[in-house]
Amino acid sequence: MKSVYLDNAATTKVDRKVLKAVMPYFENFYGNPSSVHIKGQEAKKAIESARKVIAKSINAKPEEIYFTSGGTEGNNWALKGLFFENFPYGKNHIITTKIEHDSILHTCKWLEKKGAKVTYLGVNEEGFITPEKIKNSITKKTFLVSVMHANNEIGTIQELEKIGKICHEKKVLFHTDAAQSYTKISLDVKKFNLDLVTINAHKIYGIKGTGALFIKEGIKIEPLLHGGGHERMLRSGTENVPGIVGFAKAVEISKKTDYRKMIILRDKLIDGIFYTIPEVKLNGAKGEKRLPNNVNISFKNVEGEALGAFLENKGIYVSTGSACMSNTNAESHVLKAIGLTPKEQDSSIRFTLGKDTKDKDISYALKVLFQTVEKLREAKDIKK
Ligand SMILES: Cc1ncc(COP(=O)(O)O)c(C=O)c1O
């Protein structure tokens, strides 16, 4: 059966070149990077050269990159680490948005129990935050603004440069969760005035359970994990050497991805759905302010779960709501925040393209979608 994977925002297939690059770090260079012998030093060298690659990709210094276990850890560390650093000085206010990933929102909820005050700013119908709203929400107690670079469900890209300028002027720290945008669109920590950035490997054909947090030189932050003092005393735990080596390889490979081609395919899918299927709605931003790989559509009078299951039967893998929420069946806080009714939320499907998605895959998905949506709508009419 044909297999068309359109769930690349959930995770990506590990690239063969990544696999090839990491294998020696399982088989030959398996030493602990903290060991002084040659086996350990080989592993250490690999980590440090990976650090340079990751740093360069966001215009940072290698010593500003701290390896983590992924996006969830990076977001937890940024928020908790800064809160516990700033709270003793009377600073307890965080500004974030209603459409952040749960690893931000649930961390904020937990921090509220510890004494934090959190402002959750709303977004407009395309998912944009207004930078002015951030400016007006900053108080004397604000220590942090955390706004994601691009949304995982609807692909909306925020105006980080404008937000960064405000934070810089107001002397408030600025963090972004770039798990979905990293390497797909440009991210320059200096240009955007970023103090902290969360990135991970498994969205870019690297290995799951690997990521990094950029922390600008001079910023004070409490560690999340205590132990042997790895990562310059800030993130203890023996490093995931193969994961880190693979992460850097994935970043190198990403330079070869043709995002213009991906945008053409993305728009072919959007236009094709609008051309062939009546009563559909595109969720998220239009055009350049949308991630090159994201399409999110509500199909009126269709249950997203049923559509997803039918598509799977035809070998097409998509996501209903946010796949990161792992089967919780919870409503989508993102779709709700952009004003979708519960029915519209239930009828939404996220398609996310990958670097290997082909024109013929999109044609096939369009053909199957057209037939399936029609069938599901007919069945609903008969039941009435
Ligand atoms: C925007 C965003 N942030 C954070 C995460 C969590 O990353 P990880 O799976 O590496 O923990 C995800 C995962 O889907 C995400 O999409």
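Only heavy atoms go into these numbers, but all of them, side chains included; no hydrogens, no water, no symmetry mates. Atoms within each ligand, like the ligands themselves, are counted from 1 in listed order.
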(message) Considering His202, Glu100, Lys208 one by one, which has a heavy atom nearer to atom 9 (O) of ligand 1 than any of the others?
(response) His202

Sub-4.0 Å atoms of ligand 1 with respect to non-hydrogen atoms of [X]:
X	value
Ser103	4 (C)
Asn152	1 (C), 16 (O)
Asn200	7 (O), 8 (P), 10 (O)
Gly70	10 (O)
Met148	1 (C)

(request) Could you check Lys20, Lys249, Lys355 and say which one makes a salt bridge (Lys or Arg N to Asp or Glu O under 4.0 Å) with Asp15? (result)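 The single option meeting the salt bridge (Lys or Arg N to Asp or Glu O under 4.0 Å) with Asp15 is Lys355.
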
(message) Please determine whether a side-chain nitrogen of the Lys or Arg among Arg51 and Glu48 lies less than 4.0 Å from a carboxylate oxygen of the Asp or Glu.
(response) yes

(request) Could you tell me whether Lys13 and Asp356 have a side-chain N and a carboxylate O separated by less than 4.0 Å? (result)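 Asp356 and Lys13: not salt-bridged.
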
Polar contact flag for [X] and ligand 1 (N/O pairs, less than 3.5 Å):
X	result
Gly71	yes
Thr72	yes
Glu73	no

(message) Minimum heavy-atom separation for Ala78 and Leu196, please, with both atom names.
(response) CB-CD2, 4.1 Å

(message) Using 0.5 Å steps for rounding, measure from the CD atom of Gln180 to the CD1 atom of Ile185.
(response)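 One finds 10.5 Å between CD of Gln180 and CD1 of Ile185.
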
(request) Rounded to the nearest 0.5 Å, what's the gap from CD on Glu63 to CD on Glu231? Could you check? (result)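 It comes to 12.0 Å.
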
(request) Would you tell me whether Thr107 and Asn76 have side-chain atoms, one donor and one acceptor, within less than 3.5 Å of each other? (result) yes

